[in-house]
Amino acid sequence: LKLLKPGHEMVYSTCSILEEENEQVVKRVLRKGKAQVVPVRTEAFEGVFLLPVKLEGTMCICPDERYEGFFVAKLRKG
């Protein structure tokens, strides 16, 4: 995020479904006030089971026989 120009966006993604590695990391960044969440468009993932998230606008894919579980958040630097 330090290297990102103001107004530009980045994707934070992990191959984990753990809140500690995902939402809590993004929440720490948001608390600093230097970025905001850009909602992920989940409609592009029709038929993929999504896990519930506590941070609105982010997405967590449930692991199954086709996918490993993973998390996605899109951030825009202020």
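With sequence neighbours left out, E46 forms a side-chain contact (heavy atoms from CB on, under 4.5 Å) with no residue at all. In this structure, the side-chain contact (heavy atoms from CB on, under 4.5 Å) partners of T14, at least two apart in sequence or on a different chain, are Y12, S16, N22, F71.
What you find for G78 and P6 is that their closest heavy atoms are O-CB, 3.4 Å.
V25 and L18 end up in different hydrophobic clusters when Ile, Leu, Val, Met, Phe, Trp and Tyr side chains are linked at under 4.5 Å. A continuous path of hydrophobic side-chain contacts links V11 to L50 [ILVMFWY only; heavy atoms under 4.5 Å].
Contacts classified as salt bridge (charged side-chain N to carboxylate O under 4.0 Å, His left out) and involving residues 68-78 (residues at least two apart or in different chains) are given here: E9-K74, E9-R76.
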Solution key, residues 34-41 side-chain donor-acceptor pairs under 3.5 Å, sequence neighbours excluded:
| residue | atom | partner | partner atom | Å |
| --- | --- | --- | --- | --- |
| R41 | NE | E43 | OE2 | 2.8 |
| R41 | NH2 | E43 | OE2 | 3.2 |

Return a table of donor-acceptor pairs under 3.5 angstrom between the side chains of residues 53-64 and protein atoms on other chains or two or more places apart.
| residue | atom | partner | partner atom | Å |
| --- | --- | --- | --- | --- |
| K54 | NZ | E19 | OE1 | 3.3 |
| T58 | OG1 | L55 | O | 2.6 |
| D64 | OD1 | R66 | N | 2.7 |
| D64 | OD1 | Y67 | N | 2.8 |

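Counting Ile, Leu, Val, Met, Phe, Trp and Tyr side chains that sit under 4.5 Å apart, directly or through other members, I17 shares a hydrophobic cluster with F49, L51.
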